[in-house]
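Scroll down for the structure; my scribbles are underneath it.
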Amino acid sequence: MCEQQQQVMFMEMSKNKGDHRSRRGCMEEGRVRVDMSGMSLDSFPVLSLNLATISNLDLSNNNLESIPESLTARLLNVVALDVRSNQLKFLPNSIGCLSKLKILNVSSNLLRTLPKTIENCKSLEELNANFNQLSVLPDTIGFELINLKKLSVNANKLSFLPQSISHLTSLRVLDARLNCLRFLPEDMENLINLEVLNVSQNFQCLENLPYSLGLLVSLVELDVSYNKITSLPDSIGCLKKLQKLCVEGNPLVSPPMEVFEQSLQAVKEYLSEKMKAGQSPPKKQSWVGKFVKCGTFNGKIGGRPRGERDGFIMISEYRSIEGLASPRYMALLSPRRLFSPRKYLTK
């Protein structure tokens, strides 16, 4: 498609700005929303309008291999940028100029890294980088993105998360499943608003969980299934708001299986009692004072009878992940299948 054709195309979109089904630009309360998804674009089109007026830009499901630095720097008022399902191998450094950006979707590309300048997107609330080839995240990402509420980096090649992640105090959802994580940051207690933590299916690389999990006072859902975890930290017994715990596919020894078979409340009580009895390793005893201070542990075993179910727990007999890594099973995890409008996977 030549530049002239692209300009004419966008002029047609502008003329039909009231029709959401047209190809596709609409103006709403002075904000311009531009949708050029699924148009087989190989390069960024030349737009016949002031880029600073665009608030929402959708370039998803195209064939883009790069985004021009100069163009990105002029999207000064963009709030949502969607470039998922392209062929991007890198993001422009000028993305750091997008000071008003709140939602960034770069999933299903070929990204190996994220630019360090992404830390300048101070307003960012949601970052979706699923299904890429990321091996690392910027070291200081957690120090700068103070408004980030959802971080999704599943189906990448991450072996660790940066320590600065523990400073994302506004974070509510952290999804890092389907990576190669060997450990989680030790100091996670600052994630006081985290409600969902998913580190499942890290292909038998993740063997331990940090003791600081017990200080995630807002945690409602924890999924650590299909890893190589043999023991849950006692501090999990202090998670008062926890309603869903998924541990299937791990060679767990503690708590014993008969406790898991009772209820989530039984698991919490078992771990709390173990902590109260001082059976935790000495280096972790110092955490008890923090739990008491946060009100998550008082040295007593309260709560309802063990038989009463107040949460949901998923367990199964442990089996090696090797069988699940076969082409047959990995096909189930492809982006096309996961995001198909007709079929989807649920836990």
Side-chain angles (χ1 to χ4, degrees), residues 126 148-154 161 165-166 168-178 181 184-185 188-202 206 208-227 229 231-250 252 254-276 287 290-318 344-347:
E126 182 175 330
L148 196 64
K149 296 179 181 179
K150 183 176 181 180
L151 176 59
S152 299
V153 289
N154 74 61
L161 298 176
I165 288 288
S166 61
L168 294 173
T169 55
S170 299
L171 198 64
R172 294 180 181 176
V173 177
L174 175 55
D175 184 356
R177 58 189 151 148
L178 286 166
L181 295 179
L184 298 179
M188 299 186 69
E189 65 269 21
N190 292 328
L191 302 179
I192 55 175
N193 290 301
L194 191 66
E195 298 175 356
V196 178
L197 175 59
N198 191 332
V199 290
S200 63
Q201 301 177 75
N202 271 283
L206 187 61
N208 299 293
L209 299 174
Y211 213 69
S212 56
L213 282 184
L215 287 170
L216 299 179
V217 294
S218 300
L219 198 64
V220 175
E221 181 177 330
L222 175 61
D223 191 342
V224 297
S225 57
Y226 293 103
N227 285 298
I229 299 168
S231 179
L232 295 182
D234 306 338
S235 60
I236 286 181
C238 300
L239 296 175
K240 291 184 176 182
K241 293 187 178 181
L242 190 65
Q243 297 178 11
K244 183 176 180 180
L245 175 63
C246 300
V247 297
E248 59 183 337
N250 283 287
L252 278 168
S254 176
M257 191 56 63
E258 54 266 26
V259 176
F260 279 110
E261 291 174 349
Q262 295 178 47
S263 68
L264 176 57
Q265 182 64 21
V267 172
K268 290 183 182 180
E269 292 183 4
Y270 175 91
L271 294 171
S272 294
E273 190 170 352
K274 189 176 178 182
M275 180 185 291
K276 179 183 176 182
W287 283 101
K290 294 184 179 181
F291 296 135
V292 174
K293 185 177 180 180
C294 289
T296 58
F297 178 70
N298 59 10
K300 298 180 181 180
I301 307 301
R304 287 165 281 184
R306 288 177 181 257
E308 186 173 344
R309 296 178 180 268
D310 69 333
F312 178 66
I313 186 167
M314 290 184 64
I315 59 174
S316 69
E317 183 180 353
Y318 173 74
Y344 53 90
L345 303 177
T346 58
K347 289 193 284 281

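Count residues from 1 along the sequence. These numbers were taken from a predicted model, which means no experiment stands behind them.
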- request: Dump the intermediate steps for side chain to side chain contact (heavy atoms under 4.5 Å, CB included) on V196 and V220, then the final yes or no.
  value: CA-CA 6 Å; V196 178; V220 175; 5.7 Å; no
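The two residues L148 and E126 come nearest to each other via the heavy atoms CD1-N, 3.8 Å. Considering every non-hydrogen atom in both K240 and K268, the closest pair reads O-NZ, 3.5 Å. Shown here for N250 and V247, the closest heavy-atom pair between the two residues is ND2-O, 3.0 Å. In this structure, L271 and P233 approach most closely via the heavy-atom pair CD1-O, 3.9 Å. Considering every non-hydrogen atom in both G237 and S272, the closest pair reads O-OG, 3.0 Å. Counting all heavy atoms, side chain and backbone alike, I236 lies closest to L222 at CD1-CD2, 4.0 Å.
Taking CZ from R177 and CG from L206, the interatomic distance works out to 15.0 Å, rounded to the nearest 0.5 Å. For the atom pair L213 CG and L232 CG, the distance stands at 9.5 Å (nearest 0.5 Å). Considering CG of L242 and CG of L216, their distance stands at 10.0 Å, rounded to 0.5 Å. Taking CZ of R172 as the reference point, atom CD of E195 lies at 6.0 Å (rounded to 0.5 Å).
Judged by distance alone, with hydrogens and angles left aside, the side-chain atoms of N198 form a donor-acceptor pair with the main-chain N or O of S200 at under 3.5 Å. Between the side chain of S235 and the backbone N or O of Y211 there is at least one donor-acceptor pair closer than 3.5 Å. In terms of modelled atom types and a separation under 3.5 Å, the side chain of S218 and the main chain of I192 share a donor-acceptor contact. A donor-acceptor pair under 3.5 Å is formed between the side chain of N202 and the backbone N or O of L181. Looking at S254, its side chain never comes within 3.5 Å of a backbone N or O of S231 through a donor-acceptor pair. N227 places a side-chain N or O within 3.5 Å of a backbone atom of V199 that can act as its donor or acceptor partner. In this structure, the side chain of N154 does not engage the main chain of D175 through any donor-acceptor pair within 3.5 Å.
Using a 4.5 Å heavy-atom threshold, the side chains of L168 and L191 count as touching. For the pair L245 and L239, the minimum side-chain heavy-atom distance is 4.5 Å or more.
Remark: P185 engages L161, Q163, M188 in a side-chain contact (heavy atoms from CB on, under 4.5 Å) (not counting sequence neighbours). Qualifying side chain to side chain donor-acceptor pair (under 3.5 Å) partners for S166, counting only residues two or more places apart in sequence or in other chains: none. Residues forming a side-chain contact (heavy atoms from CB on, under 4.5 Å) with T169 (at least two apart in sequence, or on another chain): N190.
E269 and Q265 form a side-chain donor-acceptor contact under 3.5 Å, judged by distance and modelled atom types alone.
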